[in-house]
Amino acid sequence: MQFIDELNESQRAAVSYNDGPLLVIAGAGSGKTRVLTYKIAYLLTQGIPAGHILALTFTNKAAREMKQRITRLVGEDVARYLWMGTFHSICARILRAEAEHVGFTKDFTIYDAADQKSLVKKIVKDLQLDDKIYKSGMVLARISSAKANFIDAEAYARNEAYAKIDRLERLYKMASVYAEYNRRLRAANAMDFDDLLMYTVLLLNNNPEVRARYQQRFWHVLVDEYQDTNHTQYLIVKLLAEPQNHVCVVGDDAQSIYSFRGATIENILTFQNGYTGAKLFKLERNYRSTQNIVNAANSLIHKNKGQIYKQVYSEKEVGERLHLTGYSTDREESSSVARQILGLHRLNKRDYEQIAILYRTNAQSRNLEEEMRKLGIPYRIYGGMSFYQRKEIKDAIAYFRLAANGSDDEALERIVNVPKRGIGATTMARVHEAALREGVPMLRVMQSPEVYAAEIAAATQRKLQAFAEKISLFAEQMQQLDAFEFAQLVLNQSGVMADAAMDTTAEGVDRKGNLEELLSGIRQYVEDRKQQGEETSITDFVHEVSLLTDQDENPDDSVSRITMMTVHSAKGLEFPVVFIVGLEENLFPSPFCQSEQEMEEERRLLYVAITRAEQECYLTYASQRWKNGQVNFSNPSRFLKDIDRQYIQQLSAPSAEPSPWRMSAVSNQQSAISYQPSVISNQPTVATRNLKATTGLKPKAEQQTIVSNWNKGDRIDHKVFGKGTVVRVYRENENDKIEIEFDEKGTKTLLLAYAKLQRI
DNA sequence: TGTCTCATTTTTTTT
DNA sequence: AAATGAGACA
């Protein structure tokens with residue numbers, strides 16, 4: 001037990017307390033993960049077998065890292081038997097083993113967001129509801145919220161609180177949509193993310209002998225980031241830990257930022273009610289950040305009303321104050337941040353790896369990305385499109401999914417015509433209708449269309465059968481081949497690979513490259529699993545992949561890069577230098593929070609952001625920002641006033657109102673009409689859109705034309721603008737002027753135009 | 001059936 | 001700015 005010396009007093013107390021449930025309130029940077037890691041190591045040295053310890057984390061990455069740290073303490077041959085993972089992956093593991101108890105087979109598919117959305121759309125259509133009211137996003141949010149609170153479709157129908165909101169939104173049939181949604185998932189032998197949690201609770205609730213088995217398996221249950229658990233997760237922990245209640249949860253109410261996903265801070269606040277005799281430990285010493293950073297963050301968070309009182313403190317150096325800078329535009333903000341990063345790298349010898357830029361919304365990464373590229377700063381963006389979300393990858397995986405689970409209608413619809421097989425929407429609508437009517441999977445209908453859907457033309461029926469046969473052939477092969485061999489076979493015989501290979505455009509080459517990357521990923525997977533002596537089938541691979549997120553992608557190369565991500569995904573991370581950008585009203589805080597509670601959550605979000613910084617923290621805002629293709633004027637975030645001024649150094653405020661670029665469009669020498677003051681920055685940039693209203697251009701000609709970042713003499717791509725159209729962009733009170741003339745070619749594709757930058 | 005054009009919408013965060 | 005959806009047309 002030499003490692004217990006590496007802990008401070010309160011950490012050690014939490015680690016070695018073992019007489020019952022405990023709640024560890026761990027301030028930011030106070031060694032939360034350290035406590036959890038050491039606690040597990042401690043349990044292991046106390047003779048608890050690794051296979052009897054369950055540790056639940058928030059992300060796969062956190063689980064992986066914790067496992068690595070424990071491995072370093074106790075060795076691989078012990079650590080590998082730990083049950084460690086996200087709620088979702090552990091639940092999936094349990095559910096696959098016990099699938100028949102909840103009426104699924106162990107090969108059930110996990111539907112991702114796209115599958116869910118498409119399913120909801122179909123249901124809304126089939127139930128003949130108005131899709132303007134039953135928007136898929138809204139419907140899914142309602143369902144997800146219900147599932148997070150362990151409310152099934154039946155209970156939903158009886159639930160007055162939900163009904164009230166639904167009435168407000170005119171979603172009178174919401175309960176039936178929910179019920180139908182679940183029926184369809186079940187028919188497809190599929191679960192969504194929330195089902196993984198929901199069905200685990202059902203499983204344990206309804207099957208005493210299964211429950212007893214898992215309760216006997218898990219002697220100790222530990223939960224990280226407890227402030228971000230929802231009610232269903234609370235139930236899972238409760239059910240698994242009974243009756244001994246050897247539960248250890250670690251969290252920080254000040255960092256609760258996922259209530260939009262159903263997380264409830266109540267879980268922390270009432271922990272001691274749910275587990276009588278629970279002991280509370282507080283970790284208040286921050287080992288991460290300088291005093292200025294910790295104090296600034298404290299002054300901010302103390303403006304919140306609801307919180308467990310704690311005084312986080314740092315004994316590191318006082319450090320620099322937070323640097324606050326205002327800019328007139330978002331472009332300026334981005335380019336200045338880029339220049340500062342370059343400076344930090346060159347002059348202060350900062351490794352790029354030590355620097356992160358955090359923002360409220362993913363959309364903000366675009367500008368930043370551009371500026372980084374301009375200055376040659378290597379970067380890594382988390383969020384946005386991950387590898388597994390690319391079209392060709394999803395297509396490939398849909399083939400695997402369908403082979404593994406013939407009821408997976410979403411996978412089927414995705415690939416039935418990829419590559420083109422002449423099976424169009426009309427045919428699929430008939431297949432869908434028949435499948436619904438007969439209560440069979442669509443694949444079955446396609447196997448014998450003459451039985452189920454006779455109205456389909458004979459020639460088309462043969463196409464359907466050919467497809468169905470191909471899939472059953474794959475399903476057969478799947479039994480004999482390992483994941484890599486199988487994937488290779490499918491990509492070749494499905495035509496997906498050939499399709500990509502035929503396309504010689506840049507995107508086509510990319511697609512082919514991605515597919516090859518997928519293959520080599522699968523090969524790697526097979527090799528790894530072989531070494532571990534584990535299964536190497538494609539189904540395991542698919543199951544694993546469906547629980548991955550972009551956070552989990554390989555840190556790839558050895559190049560040192562700055563990191564750009566949303567504040568949410570930065571939770572749990574730390575960087576010597578942090579830039580927090582876009583600190584404006586209607587962005588951060590988000591324009592969507594109505595209630596005071598939501599505002600407090602946004603404040604916690606900024607608290608999380610600031611406390612990521614170890615040494616330097618830069619805060620920026622801009623007074624003009626592009627949003628949804630429009631310029632927005634904004635004020636500095638109210639949160640800036642919440643931070644005690646003594647910890648902030650204001651470097652500069654936006655200079656006087658910039659003279660914006662104005663744009664006018666002239667059609668055939670018609671009169672010029674000035675357009676909204678839009679464009680910004682010293683780089684002449686033009687954005688035109690929907691000019692019809694203002695210019696009277698012919699209806700054909702005027703859709704969205706975007707030209708950005710010009711230099712003298714640049715050639716630019718854009719859409720057809722209409723014969724003889726001239727667009728002028730000029731800067732008020734100055735003589736800079738850009739004039740573009742559009743010629744009339746351009747039938748379908750983009751027209752190349754020539755931009756002339758001139759001074760008049 | 002497939003492609004192209006035009007119009008409308010977008011509420012933020014993620015396992 | 002980008003994505004989605006509807007409708008026209010080959």
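Naming: A, B, ... by sequence-line order, numbering from 1 per chain. A quick note: this is a predicted structure, and the numbers were derived from the prediction, not measured.
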- Message: Run the side-chain contact (heavy atoms from CB on, under 4.5 Å) test on Met446(A) and Gln461(A) for me, step by step, so that the C-alpha distance in whole Å, both residues' side-chain angles and the decisive distance to 0.1 Å come before the verdict.
- Response: CA-CA 8 Å; Met446(A) 296 177 69; Gln461(A) 289 196 1; over 6 Å; no
Separation of [X] atom [atom1] from [N] atom [atom2], in whole Å?
X         : N       : atom1 : atom2 : result
Trp626(A) : dA1(C)  : CH2   : P     : 5 Å
Ile236(A) : dT15(B) : CD1   : P     : 17 Å
Asn60(A)  : dT14(B) : CG    : C1'   : 12 Å
Gln389(A) : dT14(B) : CD    : P     : 11 Å
Leu605(A) : dT14(B) : CG    : P     : 10 Å
Gln594(A) : dT12(B) : CD    : C1'   : 13 Å
Lys135(A) : dT10(B) : NZ    : C1'   : 9 Å
Leu368(A) : dA1(C)  : CG    : C1'   : 16 Å

- Sequence-distant partners of Ala609(A), side chain to side chain contact (heavy atoms under 4.5 Å, CB included), two or more places apart: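 Testing Ala609(A) for side chain to side chain contact (heavy atoms under 4.5 Å, CB included), a comparison that skips the adjacent residues, returns Leu358(A), Val567(A), Ile580(A), Leu606(A).
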- Tell me, please, which residues at least two apart from Arg261(A) pass side chain to side chain contact (heavy atoms under 4.5 Å, CB included).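 Scan of Arg261(A) (side chain to side chain contact (heavy atoms under 4.5 Å, CB included), adjacent residues dropped) gives Phe58(A), Tyr258(A).
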- Message: Under 3.5 Å, is there a donor on one side chain and an acceptor on the other for Asp194(A) and Ser144(A)?
- Response: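 On atom types as modelled, these side chains qualify, holding a pair under 3.5 Å.
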- Message: Ignoring hydrogens and geometry beyond distance, is a side-chain donor-acceptor pair present between Tyr388(A) and Asp112(A) at under 3.5 Å?
- Response: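 No pair is found: no donor N or O on one side chain lies under 3.5 Å from an acceptor on the other.
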Applying a 4.0 Å non-hydrogen cut-off, can you work out what [X] is touching in the nucleic acid: base, sugar-phosphate, or nothing?
X         : result
Asn417(A) : sugar-phosphate
Phe58(A)  : sugar-phosphate
Lys132(A) : nothing

- Item | Short N-O contact, Glu369(A) and Arg366(A), less than 4.0 angstrom |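 No salt bridge links Glu369(A) with Arg366(A).
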- Message: Quick test of your reading of the model: are Glu169(A) and Arg142(A) salt-bridged, counting only N-O distances below 4.0 Å?
- Response: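 Arg142(A) and Glu169(A): not salt-bridged.
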Short N/O separations, protein against nucleotides 7-10 of chain C, under 3.5 angstrom:
none

Under the salt bridge (Lys or Arg N to Asp or Glu O under 4.0 Å) test, which residues partner [X], sequence neighbours left out?
X         : value
Arg462(A) : none
Glu225(A) : Lys32(A), Lys571(A)
Asp195(A) : Lys147(A)

- Is Asn362(A) near enough to dT12(B) that one of its side-chain N or O atoms lies under 4.0 angstrom from OP1 or OP2?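 Negative; the distance criterion is not met.
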- Message: With a 4.0 Å limit, can you tell me whether Arg366(A) has a side-chain N or O closer than that to the phosphate oxygens OP1/OP2 of dA2(C)?
- Response: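 Answer yes for this pair, as a side-chain N or O of Arg366(A) is under 4.0 Å from OP1 or OP2.
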- Does anything in residues 84-95 of chain A reach DNA chain B, meaning a heavy atom under 4.0 Å, and if so which residues?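 Listed by number, they are Thr86(A), His88(A).
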- Task: Please list residues of residues 422-432 of chain A whose heavy atoms come under 4.0 Å from any atom in DNA chain B, ordered by number; otherwise none.
- Result: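 Listed by number, they are Gly422(A), Gly424(A), Thr426(A), Thr427(A).
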- Query: When you look at Asp131(A) and Lys125(A), which way does the side-chain contact (heavy atoms from CB on, under 4.5 Å) test go after all the steps?
  - Reply: CA-CA 7 Å; Asp131(A) 62 358; Lys125(A) 205 168 180 184; over 6 Å; no
- P atoms of dT13(B) and dT4(C), separation to the nearest Å: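 Looking at atom P only, dT13(B) and dT4(C) are 15 Å apart.
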- For DNA chain B, whose closest nucleotide is more 5', that of Thr566(A) or that of Lys463(A)?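 The residue closer to the strand's 5' end, by nearest nucleotide, is Lys463(A).
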- Would you say whether Tyr258(A) stacks on dT13(B)? The test is a distance between ring centres of less than 5.5 Å and an angle between planes of less than 30°.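 The base of dT13(B) is not stacked with Tyr258(A) (the test needs centres under 5.5 Å and planes under 30°).
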- Query: Is any side-chain N or O of Thr361(A) under 3.5 Å from a base N or O of dT12(B), one able to act as donor and the other as acceptor?
  - Reply: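 No, no donor-acceptor pair under 3.5 Å.
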- Query: Picking from Asn367(A), Ile357(A), Thr329(A), what satisfies side chain to side chain contact (heavy atoms under 4.5 Å, CB included) with Ser334(A)?
  - Reply: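 When side chain to side chain contact (heavy atoms under 4.5 Å, CB included) is applied between Ser334(A) and each of Asn367(A), Ile357(A), Thr329(A), only Asn367(A) qualifies.
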Under 3.5 Å, which donor-acceptor pairs do the side chains of residues 591-599 of chain A form with other protein atoms, sequence neighbours left out?
residue   : atom : partner   : partner atom : Å
Ser595(A) : OG   : Glu598(A) : N            : 3.2
Ser595(A) : OG   : Glu598(A) : OE1          : 3.0
Glu598(A) : OE1  : Gln594(A) : N            : 3.1
Glu598(A) : OE1  : Ser595(A) : N            : 3.1

- Message: Test: salt bridge (Lys or Arg N to Asp or Glu O under 4.0 Å). Region: residues 416-434 of chain A. Which pairs qualify, not counting sequence neighbours?
- Response: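 Checked against salt bridge (Lys or Arg N to Asp or Glu O under 4.0 Å) - neighbours excluded - the pairs reaching residues 416-434 of chain A are Glu433(A)-Arg437(A).
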- Under the ring pair (Phe, Tyr, Trp, His ring centres under 6.0 Å) test, which residues partner Phe104(A), sequence neighbours left out?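 Here the qualifying residues are Tyr199(A).
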N/O to N/O distances under 3.5 Å, protein versus nucleotides 4-6 of chain C:
residue : atom : partner   : partner atom : Å
dG5(C)  : OP1  : Lys121(A) : NZ           : 2.2

